[in-house]
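Following: one structure in structure tokens, then a few remarks.
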Amino acid sequence: MRKDFHYSHQIFMAEKLENIIDLLDRGVKLFPNNTLTLDKRNGKWESLTFTQVKQQARHFAAGLIKMGVKPGDRIALMSEGRREWLICELGMLMARAVNVPLSIKLNVEGEVSFRLAHSGARYLILSAPQAKRLADVGFGPEGITLIHLDNCEALSDGVATYDDIVNDGAEWLKNSDNATHLDTLIASIDKDDMVNISYTSGTTSDPKGIMLTHGNYVSNTLQSASLVKISPNDVTLTILPWDHSFAHTTCLYCFIYYGATIASQIIGKTPMETLKLIPQAIKEVRPTLMMSVPALSKAFRKNIESGVKAKGDFAWKMFEFFRKNAYAYNKDYFHRGSGLSFLRKPLVWLGDKILMSKIRENFGGRLQYFIGGGALLDVELQRFFMSVGIPIFQGYGLSEASPVISSNVSGRAKFGSSGTPVKFMDITICDADGKVLPNGEKGEIVIKGGNVMKGYWKNETATQETIVDGWLHTGDMGYMDPDGFLQVLGRFKSLLISSDGEKYSPEGIEESIVELSPIIDQCMLYNNQSPYTIALIVPNASALKARLEEHGHGDLSKPENQKIATEMLWNEICQMRKGGKYAGLHPERWLPATMGVLSEGFTEANHLLNSTMKMVRPKVCERYADLIDFLMTTDGKNICSDRNLESISKL
């Protein structure tokens, strides 16, 4: 059951909300019968109310205490996003334990074992698919008690299950002294107590354990609420990994704060099947807003375009006409409808009425917008979704900030920016010496507030380097524009650095190369104080072959066709140079002077992408160090080098 509920954010700032359990208790008090979780089980969507979630969390907490869990114990959790994930974390926190959330995409023997050992975890909670992954490689962490979320025949005697712990906890709480003990533990939770040790994805270095506290999460929930307004009637479908801080705060705790509903993605038999089930889940759940990352947004766009093309030439031409008209009207969103473009509004309305609204039906018909995070979002992608009537509002943050720092929102957005900073947080731009820079000047983004992490687990040196006098140095370059929007340019550690010391962020060029070329799938630029920039290119094999076959050059076993294919790829990049179709889009001095063709893409499986589909640059550089060195030689400047032709032959 839902109820209309109108409130002011300032009212809640006056409330005593110091920890996650305070957030939950507030939700139970204000929205006891609202649906908090939705999961599809045995073909049906099952719901739990705020009251039911709290009760199960208490039972799980009690069961953990009965097992011997002590305050401060670390409990690792490795599972797909589902209601038990949330209940387990809430139960851990009630028992004053610490959750160590692990990505289901981690390599078991290396990455999982490192995190378990480094965090000192005493327990490991596993879903059935993750338990199977561990069993398949014979991985049995020594000294760690396993807890299985699912009952299955493969379980050995004496292994604890989620149901056993919940049932034991419910029985244990029937004793009034035990119930009082749990209540005392909950009441003793301090805002500085750890909630998570959340490991970085290692995009720029080895993973570090980020200590996030109750105070961090509550602060960032309230900060996020200062920008994004959610109602108790809202529903989100969580398609992002729950272990990641972006989903953790924005999908879980913000929705608890607002009394809204969290629907879990349908879990398939394989990770690929789970991805393929996203469109079905969207149609069935009919979410009102969703969080996304660029890789998923690009997939959504491809599905939209292929669906329109399937309806024939006329439908596609009509779609393109209304899309371009919407682009011209919306501009960068901040200036939409300005000048003479307001004359286009009737056509925008007409296009929405006869076409775009039909496209939105494939997203359930209620989806108002996406919030994008995890990586910088291409402006063209933002313009596209705005034309369809489901804008993607780019946000910015990092795990060390719990993670939200800024976001575009409905009514105040500018494509290409990362939005306006959250309230109740200080933000500034500094130069290399820590001097505050005026608006418009580029420097490091530095923040201070309750959302700044406690530090890095067992790494005081890194903590002191990152947090100076309470200020978190993000390692990201950016500036504040005249309209008050934060412009994030990229990681300092990923910057292109020319031989004269000048720096430039590569992300924009990389995104343009991929977005504007149908035959290039992935791209990484590199320049570490060299005379020129080089590009590592992953071709879209099927699109490239199709283009070659159109010209009678489809047989890539022939050297002459390999050369033609390589030249085709290089020509796509050259379209950004003087005289090209996209000349002037980026400064010429930073465009690649040569390229290396890769026969294997960047994937999570080969650890060149992290769980949010970000490129892990150090690992790419490490893997292709020899190729990078070659590209800096005279022979490497030959686009049709033997190395490139060999890579083409393997496609």
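Predicted model only: the values in this text are computed from it and were never measured.
- The side-chain heavy atoms of Tyr257 and Leu17, taken from C-beta on, include a pair separated by under 4.5 Å.
- Between Lys414 and Asp483, at least one side-chain nitrogen of the basic residue sits less than 4.0 Å from a carboxylate oxygen of the acidic one, meeting the salt-bridge criterion.
- Judged purely by atom type and a 3.5 angstrom limit, Gln223 uses its side chain to pair as donor or acceptor with the backbone of Phe424.
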Table please: side-chain donor-acceptor pairs of residues 426-441 below 3.5 Å, with sequence neighbours left out.
unit_1: Asp431; atom_1: OD1; unit_2: Asp433; atom_2: N; d: 2.9
unit_1: Asp431; atom_1: OD1; unit_2: Gly434; atom_2: N; d: 3.0
unit_1: Asp431; atom_1: OD1; unit_2: Lys435; atom_2: N; d: 2.8

>> Working note: Asp193 + Arg96, criterion salt bridge (charged side-chain N to carboxylate O under 4.0 Å, His left out); need CA distance, chi angles, decisive distance, verdict.
In response: CA-CA 8 Å; Asp193 285 352; Arg96 293 196 66 183; 2.7 Å; yes
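- For Asp168, the salt bridge (charged side-chain N to carboxylate O under 4.0 Å, His left out) criterion is met by no residue, not counting sequence neighbours.
- For Thr249 (side chain) and Phe246 (main-chain N/O), no donor-acceptor pair under 3.5 Å exists by modelled atom type.
- Within the 4.5 Å cutoff, the side chain of Val98 has no heavy atoms near those of the Ile75 side chain.
- With salt bridges taken as basic N to acidic carboxylate O contacts below 4.0 Å, one links Asp25 and Lys54.
- Residues Ile144 and Arg122 are not in side-chain contact: their nearest non-hydrogen atoms beyond the backbone lie 4.5 Å or more apart.
- In this pair, Phe385 and Phe370 present their aromatic rings perpendicular. The plane angle is above 60°, beyond the 30 to 60° band.
- With no hydrogens or angles considered, no side-chain donor-acceptor pair links Gln464 and Tyr456 at under 3.5 Å.
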>> Pair Leu77, Val100 - check side-chain contact (heavy atoms from CB on, under 4.5 Å), show working.
In response: CA-CA 6 Å; Leu77 174 55; Val100 182; over 6 Å; no
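- Thr274 is linked by a side-chain hydrogen bond (donor to acceptor under 3.5 Å, both in side chains) to nothing, counting only residues two or more places apart in sequence or in another chain.
- Judged purely by distance below 3.5 Å, without hydrogens or angles, the side chains of Ser219 and Asn216 never pair a donor atom with an acceptor atom.
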Show me the donor-acceptor pairs within less than 3.5 Å that the side chains of residues 83-91 make with the rest of the protein, sequence neighbours left out.
unit_1: Arg83; atom_1: NH1; unit_2: Glu46; atom_2: OE1; d: 3.2
unit_1: Arg83; atom_1: NH2; unit_2: Glu46; atom_2: OE1; d: 3.3
unit_1: Glu84; atom_1: OE1; unit_2: Arg41; atom_2: NH2; d: 2.8
unit_1: Glu84; atom_1: OE1; unit_2: Arg82; atom_2: NE; d: 2.9
unit_1: Glu84; atom_1: OE2; unit_2: Arg41; atom_2: NH1; d: 3.1
unit_1: Glu84; atom_1: OE2; unit_2: Arg41; atom_2: NH2; d: 3.4
unit_1: Glu89; atom_1: OE1; unit_2: Asn99; atom_2: ND2; d: 2.7
unit_1: Glu89; atom_1: OE1; unit_2: Asn196; atom_2: ND2; d: 3.0
unit_1: Glu89; atom_1: OE1; unit_2: His248; atom_2: NE2; d: 3.2
unit_1: Glu89; atom_1: OE2; unit_2: His248; atom_2: NE2; d: 2.6
unit_1: Glu89; atom_1: OE2; unit_2: Tyr253; atom_2: OH; d: 2.3

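- Closest of all the heavy-atom pairs between Asn451 and Val404 is ND2-O, 3.7 Å.
- Between the side chain of Asn19 and the backbone N or O of Lys191 there is no donor-acceptor pair closer than 3.5 Å.
- Remark: side-chain polar atoms of Thr35 are not paired, donor with acceptor, to backbone N or O of Ser47 under 3.5 angstrom.
- For Thr238, the side-chain hydrogen bond (donor to acceptor under 3.5 Å, both in side chains) partners are Trp242, not counting sequence neighbours.
- Scanning for side-chain hydrogen bond (donor to acceptor under 3.5 Å, both in side chains) contacts around Ser245 gives Ser399, with sequence neighbours left out.
- At a threshold of 4.0 Å, the pair Asp378-Lys298 does not count as salt-bridged, since none of the basic side-chain nitrogens sits closer than that to a carboxylate oxygen.
- Glu80 and Ser127 share a side-chain donor-acceptor pair at under 3.5 Å.
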